[in-house]
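Lettering follows sequence order; numbering is per chain, from 1.
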Amino acid sequence: MKTWLSPRSTAGLIMIAGALLALPFLAASGGQAWVRILDFAILYVFLALGLNIVVGFAGLLDLGYIAFYGVGAYVYALLASPHFGLHWPIWAILPIGAFVACLFGMLLGAPTLKLRGDYLAIVTLGFGEIIRIFLNNLDAPVNITNGALGLNLIDPVRLGSLSLAGTSEWGALSLSGPQKYYFLLVTLAIVVVVINLRLQHSRIGRAWQAIREDEVAAKAIGINTRNIKLLAFAMGASFGGIAGGIFAAMQGFISPESFSLTESVMILAMVVLGGMGHIPGVIFGALLLAVLPEVLRYAVVPAQKALFGSVLIDPESLRMLVFGLALVLVMRFRPAGLWPSPERKRELAEVSE
Amino acid sequence: METLLQQLINGLVQGSIYALVALGYTLVYGIMGLINFAHGEVVMIGALVALSVTGALTAAGLPLWLAGALGIAVAILTCMALGWSLERIAYRPLRHAPRLTPLITAIGMSIVLQNLAMMLWGRNYMQFPALFPKAAFSVGGAHFTAVQIIMVLTSAAMMIGLAFLVYRTRLGMAMRATAQNSQVAGLMGVNIDRVVAAAFVIGSALAAVAGVMVGAYYEIAHYQMGFMLGLKAFTAAVLGGIGNLGGAMAGGILLGLIEALGAGYIGDLTGGFLGSHYQDIFAFIVLIAVLVFRPAGLFGEKTGERA
Amino acid sequence: MTKLTPLAVAMTAVLALGACGKKEDPKPGPAAGAAPALTVKIGHVGPMTGPQAHLGKDNENGARLAIESLNAKKLTIGGTAVTFELLAEDDQADAKQGPIVAQKLVDAKVAGVIGHLNSSTTIPASKVYADAGVPQISGSATNPQYTDQGFKTAFRVMANDVQQGKALGEFAAKKGYKSIALIDDRSAYGKGLAAEFQKSVEAAGLKLVATEYTTDKATDFKAILTNIKSKKPDLVFFAGMDPQGAPMVKQMKELGLTARFMGGDGVCTTDFPKNAGEAAEGHICSLPGKPLEKLAGGPAFRERFKQRFSADIQLYAPYVYDATMVMAEAMKRANSVEPAKYLPEIGKTRHEGVTAVIEFDTKGDLKDSAISFYEYKGGKLVYLETLGAPIASAPASEKK
């Protein structure tokens, strides 16, 4: 546990901290748009880490994870927008959002405890769709979610008197809205990463791992598999809820179409490609898949124009094609992901012999 | 009464579409315990190939019935080849991998096939040729068409044919042996690779038939047509007890009826609170309810846990 | 350290590529006469990829045509000759991409933005433009919330869903339909249109005998159509798009449901009769604005568009063309390309466009929200009439 704070690691941590501090300014030199892209990338890191608890640690395949993100986003939007005339502060809403998402996580977990693998996949997928359809239709008889039209004019995050929207200046230091969100997100992300690291090596983390490897054996050695599985769903969901809240605040507008099945699959792809159960791997997977489309946007079209003189394949379809192929190829040749944890790599190497 | 009869017909027809697709899922699952998530995409490829071939041949001057028959044949062959390659390239290397691995591969293949189809056929909805006679019938105020009858009959025939194959032929015996215990079956001289490949090829041929039927029924085809259909059919297969041929049929028809009657009557029963806007979730709610009480589905046998 | 490496590599790559991408864009204007002293950048955003790419491209072509004809006129604004330059961006019709792309345009210091195409991207993006004070005119975002936010920078040159739904209801009443069934596809578009249609027909004293729902991905409507049939309506109103509308009319026919079918601009497309076949006959749909053929510049515009891009107008290109023209005219009147200076002039617009006479109300919506109705005859759209505005380009003040 303590080994990663060796002098070498400390130096590494300082460098990471320095890089994280410099990044938004570096990105801003290419335009504020890059800072926004960075913000979304961190949001995906959040989501991927949350899903990693369920899929990576506990081995429960969840195809409806985006539902919790949606729940968190709607909780924020309802409590901080003109829709109900409520404008609660963020420190009150984010915990509520996390809690509500957590409840939904248990709601999903409870009936599916007995199910495994494939059955669980289809039920969670169905659950995700159910949530989306409810968000889309709960505008009558009582207008709660405003249906497909979505919720608009959601308050930006305010910390005391500081609003995170718009540019603020402190003497020579000027921070744009996206840059301020970046610092909020990075702070929260560090907290989440630390929680995850601690969880992984805690009793609970080991219990999850035991369930992932062999549920019957885990039960036999006295692990309360029911509670431990529920806890995985609940914890994963609450991270999704927090991410959703910040998404709503950053966007200012949300509608159910942002929470579709494709997004669930996308987050799953991040976890799987990066390395299920391995936190640095998952972070890498999330950053890679969040930034890759932007790279493709800039690279694919000019490259094709240069090569063929016209755009033969549009970047959007290429992006999805690359995702699909990547999933297949990684499963085939690196089933533990691009950056797997050392022990997982060893296990899989043994299996495939 | 007239409305109820019509809704029953609607449900039966919709249900036999689900059943037709569900048979393919169940066949593969029964033998290897793998959900072929890409099955819905194979259905879509079948429909689009039939559409293109039929279109090209009618444009070349062939009569519609001949062009259609050739279109169906080419679609079936293409899908069989596709099913075989899927198994060979994507799934076979993973047969001994952890459980999640082939499932994620299947999701990946589904994305790949969808995007390839989009590049080949474009994004627009295309008109599917009307392959079957346009006859319409009316009984007791309820309307139905020839295509609908053909569709129900095709599903039933496919199920019976498949049951014959599984329970009356040598290949079927090998399939059942593999499903029971593939290692022992292998020791007894069953060529596992060939049996699994056969299951994929047959399942994909069924998917092609389903694709053509769906296309001919709605007279519209699109690169995303397989996805939701695949999900619903998979739900139907699980509902009936996945791995069980009769269960897939029953699950499909049950699901079709639930949707039709749900959309038809729940709205009135709940005073408009739960109307047809919740049509798509009836299926999932029933599925969850069934699985909570019968984790192996309605007709599934309680086999050992296949985790 | 390890955490930094992949990210840093990705970022550098991204930044480098970003720089390459931008170098491609600037194209010198027609260098026939005097060298242009000032280049005015106008942004355009729509989905260039994804399922609506064809509509996005159509919009971009509309803007491009406007820019080219403006440049051909060799305008002088504030004493200097100006050349307009179009910065076309892709938002993938994805709500997340909306603000990112908007930020990109603001970073590039555009004088104004035409777009976006979808309401779901236009609304989150409009906040970015409003914060930066950049005027935005959309040619196709019809969700009322877009202009309800109170942003001074947000305009649109197309009737919103409220205006269209209202006109559709009035038309149904005028045509003497008595009992009406409503089908809503629960998309933002369908919901807005359905709600206004319902208000409008109920205000006219008509009865809504059934309300059913579907989705924008469904293909089977038999269950809901059977329900509708049991209520015996004489008109079925569908608030949704043609991929659902076309199979829907076919299934109506199969079920022996003989009511007339009516819808908004979503089913007023060339694909609808193509996919519905003869089942489309006699059905009614509406398009915002006036038919191109009835307007002074209309047929010429259609011709010009076809010549320039060797493609037919898909749907919204004329509206986007008008939007671009409105923006340029405001600059001319203000004699400035500074957003802060010409923005007030946009509100005072009175422009005879190819789709309508454009005047804005205080919110930035069209004052004169003409809606035209068409019927499918022999697989073609046949013009019926226009509600909400006089047809000739007479002063628009006589009717609201």
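Proximity to chain C (any heavy atom under 4.5 Å) is shown, for A:Pro82, by neither the backbone nor the side chain. Interface residue A:Asn137: backbone and side-chain heavy atoms are both found under 4.5 Å from chain C.
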Exercise for the section: Using the side chain to side chain contact (heavy atoms under 4.5 Å, CB included) rule, take A:Asn146 and C:Gln145 through it: C-alpha gap first, then chi angles, then the decisive distance, then the call. Expected result: CA-CA 11 Å; A:Asn146 205 25; C:Gln145 291 194 42; 3.4 Å; yes

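Under the side-chain contact (heavy atoms from CB on, under 4.5 Å) criterion, C:Ala159 pairs with C:Gln163, C:Pro288, C:Ser369, C:Ile371, not counting sequence neighbours. With sequence neighbours excluded, the residues satisfying side-chain contact (heavy atoms from CB on, under 4.5 Å) with A:Ala248 are A:Ala73, A:Tyr76, A:Ile154, A:Ile254. By the side-chain contact (heavy atoms from CB on, under 4.5 Å) test, C:Glu60 pairs with C:His44, C:Met48, C:Lys57, C:Arg64, C:Leu86, C:Ala88, sequence neighbours left out.
Residues of residues 186-195 of chain C that come within less than 4.5 angstrom of chain A, heavy atom to heavy atom, are C:Arg186, C:Ser187, C:Ala188, C:Lys191 in numerical order.
In this structure, A:Lys180 places its NZ atom where more than 12 heavy-atom neighbours from other residues, nucleotides or ligands lie under 6.0 Å away.
In this structure the side chain of A:Glu263 reaches within 4.5 angstrom of the side chain of C:Lys96, judged on heavy atoms. In this structure the side chain of A:Trp34 never reaches within 4.5 angstrom of the side chain of C:Gln103, judged on heavy atoms. Between C:Gln149 and A:Asn152 the shortest side-chain heavy-atom distance falls below 4.5 Å. For the pair A:Phe253/C:Lys127, no side-chain contact is recorded, criterion being any heavy-atom separation below 4.5 Å from C-beta on.
A distance of 11.5 Å separates CG of A:Asn136 from OH of C:Tyr213, quoted to the nearest 0.5 Å. Rounding to the nearest 0.5 Å places CG of A:Leu149 at 5.0 Å from CG of C:Asn143. One distance of note links CG of C:Asp94 with OG of A:Ser260; it measures 9.0 Å at 0.5 Å rounding.
Taking chain C as the reference chain and counting heavy-atom pairs below 4.5 Å, the highest number among A:Pro256, A:Ala33, A:Ser255, A:Gly252 is found for A:Ala33.
Between the side chain of A:Gln251 and the backbone N or O of C:Pro124 there is no donor-acceptor pair closer than 3.5 Å.
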